[in-house]
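Have a look at the structure below before the remarks.
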Amino acid sequence: MADLSGRTAVVTGASSGIGRETALALASAGARVALGARRRDRVEELAGELDSDGHVPLELDVTDGESARAFTSAAAGAFDGRIDILVNNAGLALGRAPIVEGSDADDEVVLATNVMGLVRMTRLCLSHMEDGRGHIVNLGSWAGREAYSGGGMYVASKFAVRGLTEVMRRELVGRIRVTTVDPGMVGGTEFSDVRFRGDQEAKEAVYRGVCYVTPAEVADCILWAVTRPAHVNVDEIGVKPLQQATQDLIVRDA
């Protein structure tokens, strides 16, 4: 059984989807978890659902330096100055338009969240990680391995996450474990609600006829990676539905 007793963790974007399920998984294994999200009411509610005490629900906007610093300081303070696990989960996509039809404003939000937010939180949390004990998990995407039409800045941001993870692994070798988890089609989250701005028809078309991966199944991958022996680094995990081979090769039920 996975055991994270005595360990502390930070999960960004913990108010829903993969972040929420990851917080539940880490807490069920015994970790104390700092839950970060812009919707503080959501993480406060989640903290009440977790199996044990000692969890810290805090407001966090990873695109805002002051918010990120305040969050990290409060989390580290609650955990006696030590953060063991950072799960960089906060991220989003906006739209599926071709690049020529895209929006500068949307692209800036995606980059600020998916790339700069991840870098910002990594820098802040690393100062509270002990060598040989710390672990950074970056939520990438299959879109960071294989582009697709209409992916635009989301694809670019996830390729950046993949590259940044490789840089971290080189710079922190022998000190801090670094893992990227790259899901394919994950349903049952608010990701497509945000991407399609509430257009339910567009959202449903993405997942129609596919038994997709669930947020809890991705969280289980994360839990497995962070509970390997301390000398074992799981570099990367790719997880997709059986019905998905590539971004464009998807077998849908009739």
Side-chain angles (χ1 to χ4, degrees), residues 4 6-14 18-19 22 26 31 33-34 36 60-77 79-92 110-147 153-183 218-219 221-239:
L4 291 172
R7 308 275 283 174
T8 64
V10 163
V11 179
T12 70
I18 293 171
T22 298
L26 297 177
V33 187
L60 170 63
D61 180 351
V62 298
T63 70
D64 183 290
E66 184 175 343
S67 173
R69 286 188 291 273
F71 169 88
T72 307
S73 177
F79 296 155
D80 300 319
R82 194 191 73 240
I83 295 170
D84 298 319
I85 300 165
L86 166 64
V87 181
N88 278 312
N89 167 75
L92 78 168
V110 171
L111 284 175
T113 306
N114 298 5
V115 181
M116 286 309 303
L118 179 148
V119 172
R120 177 176 292 114
M121 291 305 300
T122 299
R123 286 171 175 158
L124 289 168
C125 289
L126 265 175
S127 64
H128 299 284
M129 285 188 174
E130 295 179 4
D131 286 358
R133 187 180 179 97
H135 197 154
I136 299 167
V137 180
N138 293 332
L139 257 294
S141 169
W142 204 257
R145 296 170 177 248
E146 179 189 4
M153 197 55 68
Y154 179 71
V155 168
S157 73
K158 291 303 183 178
F159 267 82
V161 169
R162 186 167 175 79
L164 286 165
T165 302
E166 292 185 6
V167 171
M168 292 178 195
R169 196 174 293 120
R170 285 165 171 76
E171 293 181 348
L172 299 172
V173 63
R175 297 174 47 210
I176 305 294
R177 297 194 291 178
V178 181
T179 299
T180 180
V181 177
D182 296 335
V218 178
C221 292
I222 294 169
L223 180 62
W224 180 79
V226 301
T227 52
R228 297 310 88 206
H231 69 285
V232 175
N233 189 85
V234 179
D235 281 18
E236 52 189 52
I237 298 175
V239 53

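Worth saying up front: this structure is predicted, and the values here are computed from it rather than measured.
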Going by heavy atoms in the side chains, are [X] and [Y] under 4.5 Å from each other?
X	Y	answer
Asp182	Ile237	no
Met116	Thr63	no
Met168	Leu118	yes
Ile136	Leu126	yes
Ile18	Val87	no
Arg133	Arg7	yes
Phe71	Val62	no

[X] side chain to [Y] backbone, donor-acceptor under 3.5 Å:
X	Y	result
Thr12	Asn89	yes
Thr8	Arg82	yes
Lys158	Leu139	yes
Asn114	Leu92	yes
Arg162	Arg145	no
Arg177	Val232	yes

**Fill in**
With Asn138 as partner, the option from Thr165, Thr179, Thr122 fulfilling side-chain hydrogen bond (donor to acceptor under 3.5 Å, both in side chains) is Thr165
